[in-house]
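Below is one structure, written out as C-alpha cells; the observations come after it.
Numbers restart at 1 for each chain; the letters A, B, ... are given by sequence-line order, proteins then strands.
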Amino acid sequence: MKIAVCIKQVPEGDARLVIDADGISIADADLATEINESDQYALESGLRLAESQGGEVVVVCLGPDRAEEAIRRALAMGAGRAIHLNDPAFQGGDAAATARALAAAIERENVDLVLTGLQSDDAGWAQTGPILAARLGWPSATLIMEIEPEGDTIKVKRELEAGWFQWVRLPLPALLTIQSGISTVRYATLKGIMGAKKKEIAKVTPADIGLAPDEVGGAGRKTRTTRLYVPEKTTGAEIIEGDTATAVATLVEKLQKEAKVL
Amino acid sequence: MAGAIWAITESGDDGLKSISFEVIACGQALAEALGSSLEAVVMAADGSAAAEALGAKRVDAVRVIEDAALAPYTPDAYTAALAQAIEADSPSLVLFPHTYQARDWVPRLAAEVDAGFISDVIAHRVDGDETVFVRQPYQGKLNSDCVFAGDGPNIVSLQLGAYLADDAAAGDGSAEIVKQPVDLDGAASRTEVLETFQEVADRVDLSRADVIVAVGRGIGKQEQIPIVEELSEALGAQLAASRPVCDNEWLPMDRQIGSSGQTVTPKLYVAVGISGAIQHLVGMKNSGTIVAINKDPNAPVFSVSSYGIVGDLFEIVPELTNQIREAKGTG
C-alpha cells in the first residue's frame with residue numbers, strides 16, 4: 001500500500017503570535033513551529049498502515065524553506081521520503097490553490113491512499129483534504145477515528161457530532177482526513193532522526209508538476225485575507241488580581257455573593 | 001447583485017436541524033444589505049416538512065431538492081445534487097452551517113463548481129461594494145477579514161452559534177415552494193454507509209450536572225489529574241475535559257466537552273488549563289457562571305468567562321480546593 005500523507009508546518013500551540021508588517025500573516029522571526037496536530041495523527045495512521053499492510057509513506061508538504069524542519073521530523077518518525085512543494089509561487093494560497101498544487105504532485109505518485117489532518121491549527125479552513133480528493137477524482141471521508149483496510153476497499157469510522165459515529169466503506173484510491181486522537185503519535189527515535197538525514201526530499205516547483213505559476217499560491221486563490229488582527233474584547237472575564245491566596249479568596253466570595261453558585 | 005443568496009439547511013433523522021435557522025438569519029441580513037433575494041434550500045429524500053417550516057420564515061422561496069439518493073447522507077450524492085442546482089440557477093452566494101457534515105462535502109462542492117469558499121465564519125459586514133467575512137484563525141486567538149477574489153459562485157459556512165436561530169424573522173407565508181429537479185442516476189455514491197451508532201451507550205451525561213470542573217492541556221500529564229479531581233469533589237462537581245486531555249487518554253472520551261463531545265450549561269463551569277479553542281467553547285459558553293484559570297492572559301477562554309485568575313494552576317487549584325472546603329464547612 002502506497003500512502004501519501006500531507007503535512008503542514010504551523011506555529012506551536014503556545015507560540016507567541018506576532019502579526020507581520022504585511023498585516024495578513026504571522027511574523028516568521030523566532031517563531032516556534034511544529035507539524036500541525038491532526039497531520040501528526042494522519043502521519044501516525046499512515047505509518048501504522050504501511051507497517052501492517054506493507055508499503056511506503058510519502059510525505060507531501062507545501063511550505064517555505066523552513067518547512068523542511070517539519071518534513072525532517074516526519075521522516076524521522078518513519079516516512080520513507082518526501083515531496084516539498086517549495087517555490088515562491090506556492091505561497092499565499094488559500095485552500096483551493098494549495099489543494100490544486102498538492103493534487104498535481106500526488107497524481108504523479110500513483111498512491112492508493114492519501115491522508116491529511118482534519119484541519120490546520122493556523123488557517124483552520126477544514127477544506128484542503130476534501131478539495132484535494134475532488135481534484136484527484138477520488139472518494140473521501142472526513143474526521144476518521146478508525147481505519148480497516150480490506151484490499152481494494154477501506155472501512156473507516158467517521159466521527160459525527162455529539163458522540164455519534166458512522167462506519168463507511170470506500171473504494172481505493174481514496175482520501176481520508178484524520179481526527180486528532182485516532183491513536184498515539186510515536187516519538188522520533190535517535191536512530192530515526194539520524195536516518196532521516198539521508199532520506200530524499202524532492203523539491204518541487206509548479207513547472208515540475210505541470211502547473212503555471214498563476215494557478216497556485218496567491219495568484220490561484222479564490223479568497224483573499226485582507227486583515228489579521230487581535231479581536232477586540234467586547235465581553236470578558238473580570239480578572240481577579242492578587243497573590244494566590246487573596247485572589248482565590250476573592251473568587252470564592254464572588255461565587256458566593258455575586259454569582260450565588262456556591 | 002446578480003443571483004440570489006441560497007441558505008442551505010441541514011436535516012437529520014428528526015427532520016430540520018435548528019442550526020438551519022442560524023443560516024436563514026445570516027441570509028436575511030445579507031439579502032437585506034445587498035438587495036438580493038433569499039432562498040432556503042432543503043436537501044432530503046422527503047423535504048416536505050422542512051419546506052413548510054422554512055416557508056414560514058421571511059424568504060423569497062424555498063427550493064426543495066428531493067431524491068432518494070439523499071438519504072442516508074453521502075458526500076458524492078450531495079455534491080452532485082447541489083452542483084447541478086448551482087449550475088442551473090447561478091446563485092451569487094451559497095451559505096452553509098459549518099457542521100461536521102458540511103465539512104465532509106462542501107469543500108468538494110466548491111471544487112466541483114470552481115467556487116471560492118470562506119469557511120467557519122463568525123460575522124460579516126458590507127463595506128461599499130465588498131462583503132467582508134470575519135473568521136477566527138490560529139484556534140480563535142486572532143481574527144481575520146476575508147473577501148472573495150472572484151465573482152462567484154461563492155460559498156460561506158457559518159460557525160455554529162455565530163448567528164442566532166431566533167433572529168430568523170417570520171415571513172407573511174408568501175414564500176413559494178419550488179421543487180428543483182436533479183438527476184442523480186449517473187452519480188452513484190462511492191461511499192457505502194454501513195452503520196451509524198453512539199460509542200458509549202451508558203456514557204456520563206454531563207448535561208445534567210449543576211457544577212462542572214473541566215481540565216485542559218495545561219494540566220500537563222495524567223499524574224496531575226488528581227489536582228482537579230480534588231477540586232471537583234470539593235465542589236460536588238462532575239469532572240470533564242477538553243479534547244486533548246481525552247485524546248491523550250488522561251480522562252475517558254465520554255468526559256469530553258465541545259463540538260465532538262457534549263454540550264453543557266451548568267450553573268457553574270470551572271475551566272482549568274483550558275485555552276479555549278472554539279471547538280471547546282461551543283460546548284460550554286452558555287453555562288451560567290464560568291471561571292477560567294489559565295497562565296496565558298490572552299487565552300480565548302477568558303472572553304466567555306465571568307471570572308478569571310491568570311496564573312499557575314498548580315498553585316491556584318489546590319488553594320481553591322482548600323478554600324471551597326472551608327466555605328462549605330467540609331475543610
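With contacts defined as side-chain heavy-atom distances shorter than 4.5 Å, the pair A:Arg100/A:Ile131 does not qualify. Side chains of B:Leu320 and A:Val252 form a contact here, defined as non-hydrogen atoms less than 4.5 Å apart. Side-chain atoms of B:Gln222 and B:Asn248, non-hydrogen and from C-beta on, never get closer than 4.5 Å to each other. A heavy-atom distance below 4.5 Å is found between the side chains of A:Arg158 and A:Val168. The shortest side-chain heavy-atom distance between B:Val213 and B:Tyr269 does not fall under the 4.5 Å cut-off.
When the ring pair (Phe, Tyr, Trp, His ring centres under 6.0 Å) test is applied to B:Tyr100, no partner is found at least two apart in sequence or on another chain.
The most heavy-atom pairs under 4.5 Å with chain B, out of A:Val230, A:Val261, A:Ile24, A:Asp121, come from A:Asp121. Chosen from A:Ser120, A:Ala259, A:Ala99, the residue pairing most often with chain B at heavy-atom distances under 4.5 Å is A:Ala259. Of the listed residues B:Asp210, B:Asp114, B:Ile278, the one with more heavy-atom pairs under 4.5 angstrom with chain A than any other is B:Asp114. In terms of heavy-atom pairs under 4.5 Å with chain B, the best-connected choice from A:Ala245, A:Gly124, A:Ala247 is A:Ala245. Of the listed residues (B:Ala111, B:Cys146, B:Ala292), the greatest number of heavy-atom pairs within a distance under 4.5 Å of chain A belongs to B:Cys146. Chain A forms the most heavy-atom pairs under 4.5 Å with one residue out of B:His98, B:Gln139, B:Arg103, B:Arg243, and that residue is B:Arg243. In terms of heavy-atom pairs under 4.5 angstrom with chain B, the leader among A:Asp14, A:Val185, A:Ile26, A:Leu132 is A:Ile26. Looking only at heavy-atom pairs under 4.5 Å with chain B, the residue among A:Ala15, A:Gly181, A:Pro139 that has the most is A:Pro139. When the candidates B:Glu112, B:Lys141, B:Lys267 are compared by the number of heavy-atom contacts under 4.5 Å with chain A, B:Lys141 comes out ahead. Counting heavy-atom pairs closer than 4.5 Å to chain A, the top residue among B:Ala115, B:Gly288, B:Ser275, B:Gly236 is B:Ala115. Interface check for chain B: of the options A:Glu253, A:Glu241, A:Lys254, the most heavy-atom pairs under 4.5 Å are formed by A:Lys254. Counting heavy-atom pairs closer than 4.5 Å to chain A, the top residue among B:Gln101, B:Glu195, B:Gln136 is B:Glu195.
Residue A:Ile19 touches chain B through its side chain alone, counting heavy-atom pairs closer than 4.5 Å. When heavy atoms are compared at a cutoff of 4.5 Å, B:Leu235 approaches chain A solely by way of its side chain, counted from C-beta outward. For A:Leu143, the part lying near chain B is the side chain, with the backbone staying farther off; criterion is any non-hydrogen pair under 4.5 Å. Within the 4.5 angstrom heavy-atom criterion, atoms from both the backbone and the side chain of B:Thr99 approach chain A. For a residue to count as touching a neighbouring chain, one of its non-hydrogen atoms must lie under 4.5 Å from one of that chain's; by this rule B:Val134 touches chain A with the side chain only. Heavy-atom distances place no part of A:Lys260 under 4.5 Å from chain B, backbone and side chain included. Heavy atoms of B:Ala277 lying under 4.5 Å from chain A are absent altogether. Residue contact with chain B, scored on non-hydrogen atoms closer than 4.5 Å, involves the backbone and the side chain of A:Leu160 alike. Contacts between B:Ser259 and chain A at a heavy-atom distance below 4.5 Å involve the backbone alone (N, CA, C, O). Proximity to chain A is limited to the side chain of B:Val291, based on heavy atoms less than 4.5 angstrom apart.
Around the CG atom of B:Asp151, the shell of radius 6.0 Å holds no more than 12 heavy atoms that belong to other residues, nucleotides or ligands. Applying the 6.0 Å contact sphere to CZ of A:Arg16 captures no more than 12 heavy atoms from other residues, nucleotides or ligands. Heavy atoms from other residues, nucleotides or ligands lying under 6.0 Å from CG of B:Asp127 number more than 12. Sparse packing is recorded around NZ of B:Lys295, with 12 or fewer heavy atoms of other residues, nucleotides or ligands lying under 6.0 Å away.
No salt bridge links A:Lys8 with A:Asp39; every basic N to acidic carboxylate O contact stays at or beyond 4.0 Å. Salt-bridge formation is not detected for the pair B:Asp120/B:Arg135: no Lys NZ or Arg NE/NH1/NH2 atom is positioned less than 4.0 Å from an Asp or Glu carboxylate oxygen. Using a 4.0 Å cut-off between charged nitrogen and carboxylate oxygen, B:Glu10 and B:Lys17 count as a salt-bridge pair.
A side-chain N or O of B:Tyr73 and one of B:Asp104 form a donor-acceptor pair less than 3.5 Å apart. A donor-acceptor pair shorter than 3.5 Å can be found between the side chains of A:Gln9 and A:Arg66.
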Pairs under 3.5 angstrom only: tabulate donor-acceptor contacts from the side chains of residues 305-317 of chain B to other protein residues two or more places apart or in another chain.
residue: B:Ser305; atom: OG; partner: B:Val301; partner atom: O; Å: 2.8
residue: B:Ser306; atom: OG; partner: B:Ile290; partner atom: N; Å: 3.0
residue: B:Ser306; atom: OG; partner: B:Ile290; partner atom: O; Å: 3.4
residue: B:Tyr307; atom: OH; partner: A:Glu258; partner atom: OE1; Å: 2.6
residue: B:Asp312; atom: OD1; partner: B:Phe314; partner atom: N; Å: 2.9
residue: B:Glu315; atom: OE1; partner: A:Thr244; partner atom: OG1; Å: 3.2

Working for side-chain contact (heavy atoms from CB on, under 4.5 Å), residues A:Gln127 and A:Asp94
CA-CA 9 Å; A:Gln127 295 183 24; A:Asp94 60 1; over 6 Å; no

Between A:Thr128 and A:Cys6, is a side-chain contact (heavy atoms from CB on, under 4.5 Å) present by the stated rule, with each step listed?
CA-CA 10 Å; A:Thr128 306; A:Cys6 300; over 6 Å; no

CA sep, side-chain torsions, deciding dist, call: A:Tyr41, A:Leu118, side-chain contact (heavy atoms from CB on, under 4.5 Å):
CA-CA 10 Å; A:Tyr41 286 99; A:Leu118 75 110; over 6 Å; no

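Annotation: residues 169-178 of chain A contacts chain B through A:Arg169, A:Leu170, A:Pro171 [non-hydrogen atoms, separation under 4.5 Å]. Proximity to chain B at a heavy-atom threshold of 4.5 Å picks out A:Arg221, A:Lys222, A:Thr223, A:Arg224, A:Thr225, A:Thr226 from residues 211-226 of chain A, in numerical order.
Of the possible donor and acceptor atoms, none in the side chain of A:Glu12 sits under 3.5 Å from a partner among the backbone N and O of A:Glu34.
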